[in-house]
Amino acid sequence: MTDSQSNLTVLKFGGSTLGKATSAREALACVQRESKRGRVVVVVSALGDTTDRLLRAADLAARGERAAAASETEAIAALAQSTAALDAGDGSRPGVLDAATIEGLLAPLSALLEGVHLVRECSPRTRDVVLSYGERISSTIFSALLSGRDLESRPVDARHIIVSDDQHGDARVDLPATLTRIRQAAESWPTVPVVTGFLARTKDGRDTTLGRNGSDYTATLIAQALGAREVQIWTDVPGVLTADPKVVKDAKPIANLSYMEAIELARFGARMFHPRTMVPLIESGVPLRIRHMMDPAAAGTLVNASGADDETRASSLASLNRQALLHIEVRGQQLSENLAVRFQSTFDELDIPVWLGTLSAFGTSVSAVIPEQDVERARAGLEQAFRLELADGTLDRIRVTHPVAMVTLVAEAMGRTSGVLSKLTGALGSIGVSVLAMGQSASERSISCVVAESDCARAVQTAHAAFHWAHQEVDVFLLGPGTVGRELIDQIQQQQDFLRQEHDVNVRLVGLANSRSFVFEPEGLALERWHEILEEASQTPDLEPTGPVPFDQLEELGRRPLPVLVDCTAEDGMEAMYQAAFASGVHVVAANKKPLTLPLAGYKSLLGEARKRHRAYRYETTVGASLPVIETLRDLVRTGDQVRLVEGSFSGTLGYITDELSKGGELHTIVRRAQEQGFTEPQPQDDLSGLDAARKALILAREIGLALDLADVALEPLVPRAIIEKTSLEDFYAALESYAGEMKAKVAAAGERGEVLRYLARIDPAARERNEPMMTVGPVFVPPTNPAAHLKHAQSFVAFYTHRYRDFPLVVQGAGAGGAVTAAGVLADVLRVAGSLRD
Ligand code: ASP
Ligand code: MG
């Protein structure tokens, strides 16, 4: 290797780059730039879709459709002419090919197609000659354009340097002969040789091609022969991406891949390189870089021997749609002849590619993934091959599932770390995608899951997010933008950037509904305008008055990777909506207590549906707003502690009123003040009734596992029931005032004993044995030893007395009401749903 050679860069430009004026100009600029830095060799593919058109033209001509064939060649010529004229601002630049020259270049092609038309036959050999025109034209034009930019350039026809066998359309390269010829030819190359990619020739002079995308392979062969510093493939994408950008919006370029990972990806659907591109690189150790033509400063993807430093990360996901899964199974024992061998050879004989094959233990069942277009041929072939066994019942019928997709995770890390597979299947399971078949390569570098094609996009999106390549998109549909709901929207808006940056979670509000209207915007609503948006929607006349969210919107929501229905209403009957959500694959986060206090059968069916569908149903804020009450209790229960007593003050309003009473206030004045300050429900009777506290007690009792109903709560309102039953506010306050003296006296008497009035809920599982109610909710006078005695203002509080927390209860205490804390709790629940899928 000489010095100048190690300074050499092979630059390959693909058809899509050269076929568009803007990127073709960038390519020219790139060669100018790189040739200043050192030696370059340029390899080009055919312009734009020229290769496809040549294939069609050959087919059409062979079928006798002369005019249609001619229109293909005209389109090829038009693209060639416009590309050649790219730099011809004033028509006089030296080196620019004129129209006549290009016509001259294409004339033999037309003559050849004419011949094909005459004999109505295009052999693979002739087709390769037809195809060669694509690269020959592009190298001539590109080289002329470079000369026009004052570079010493010449087209180089690779048929003189790449030696192959005669497998037309997919020829194998004779490596020693090719390396020698490249080295010899390079001695007389100009500053910028422009080599035709894709083309080769047999030793005895027949033209061949290397297979689709073969120019990449040409480039790496040259790099190996000349000991290049690097091969750069310039293309119209930013590099090898972590997933198909059509499926995953925020797929991003992989910084570094190993050669073997790149090969794995090329196999499994990422149509990035010719499958043999890596061979010369592995031999020679020359690195390859994929770069974005329209963003030349970006690093792109580097493919080299070592791959990424971070071995714990998977590199990429590939997906292949429009496949079919065929499966046969032996009834009983093994067949005398090897089932797998016969199965596979059936496909071989039919020339049907098998992308993935599985063989169960003991060889009693086999399956194969093949292109969907071949499925009927394959089925017929198998029926024929196994006709005897199918007839005598030794084999079960052939089962065919299609369309299916193959989702492949490529991860160099797989062989070195554990947990990669479980993360993948866990992510798929969490969104209810079932894996129909699975295969892991022995290299442990890839794992493929076969899924229904309709699940493919969701599967790829979810797996992509699970491996932290991207933000986990969490799509929230909010019911009830009231006090809590609007606060939640504000918090989402505030936290969005932080969550994206620090936690890779992108929370979007995709839907919003109140009792009058709803909006659904799959791309996310503009958070600062939600009010107007909802207002506009309520003006839309043809709204279905069937409920806040039509069920088909739920279905659409359910196809998202992580959809969450958030209920911030206090409506009755929302359980129907939740059931539909679970059935559509949507998680539910609720601040609404009502569905949790349904009669037992309804409650169980709701929770059962969530479990059956593997959906989360979180409702931490239904008791004590965002205080960790439910999670704490759950942890006690699931770790086997025995809950002996739960005692809590769950109503902020009643907490405030009892605290003020203990300070010597007058009942009616306190309630009025509370109402004026917005601490109460619109009807303060609702607070004083204690029903809300009773609901919370029931929610907790059910968490403990007690089969109870709301009717089982021994509920005593703060004041006699007759007062609460007053419907008009005026009558209510009058009644309160007349009761105030009695209340005051009771509180004072208790004060003498050192006790204070509290409004408490109690759950005592052992009470049943004493024939007493297990749940009591009502006013109590507590001694100073009770933790509730020290509550101030509207604090919420709950004490868990358990077997383990016998002497000192586990106490949770703090602000337990208000829009801001409740919304924060709701948001935390939403994030927990997201977190459970990523950890
Ligand atoms: N022009 C050929 C093709 O389209 C070779 C290449 O692009 O690399 O497949
Ligand atoms: Mg290509």
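Numbering of ligands and ligand atoms starts at 1, following listing order.
Less than 4.0 angstrom separates some heavy atom of Glu135 from each of these atoms of ligand 1: 1 (N), 2 (C), 5 (C). The ligand atoms of ligand 1 that sit less than 4.0 angstrom from a heavy atom of Gly214 are 5 (C), 6 (C), 8 (O). Contact atoms of ligand 1 toward Arg212: 3 (C), 4 (O), 9 (O) (distance under 4.0 Å to a heavy atom of the residue).
The only member of Arg201, Lys203, Arg181 that meets salt bridge (charged side-chain N to carboxylate O under 4.0 Å, His left out) when paired with Asp174 is Lys203.
Every heavy atom of Gly15 sits 4.0 Å or more from the atoms of ligand 1. Residue-ligand proximity: His274 is placed with every non-hydrogen atom at 4.0 Å or more from ligand 1.
You'll find the side chain of Tyr259 stays beyond 4.5 Å of the side chain of Val279, heavy atoms only.
Taking any N or O of Asp216, backbone or side chain, none lies under 3.5 Å from an N or O belonging to ligand 1. Looking at ligand 1, you won't find any N or O of Lys12 less than 3.5 Å from one of its N or O atoms.
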Could you pull out every donor-acceptor pair under 3.5 Å between side chains of residues 56-63 and any protein atom, sequence neighbours left out?
unit_1, atom_1, unit_2, atom_2, d
Arg56, NE, Glu72, OE2, 3.0
Arg63, NE, Glu65, OE2, 3.4

Only pairs under 3.5 Å count here: list side-chain donor-acceptor contacts from residues 73-80, not counting sequence neighbours, and write none if there are none.
unit_1, atom_1, unit_2, atom_2, d
Thr73, OG1, Ala70, O, 2.8

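The part of Ser45 lying near ligand 1 is the side chain, judged by heavy-atom distances below 4.0 Å.
You'll find the ring centres of Phe142 and Phe13 inside the 6.0 Å limit.
Atom CZ of Arg322 is surrounded by 12 or fewer heavy atoms from other residues, nucleotides or ligands within 6.0 Å.
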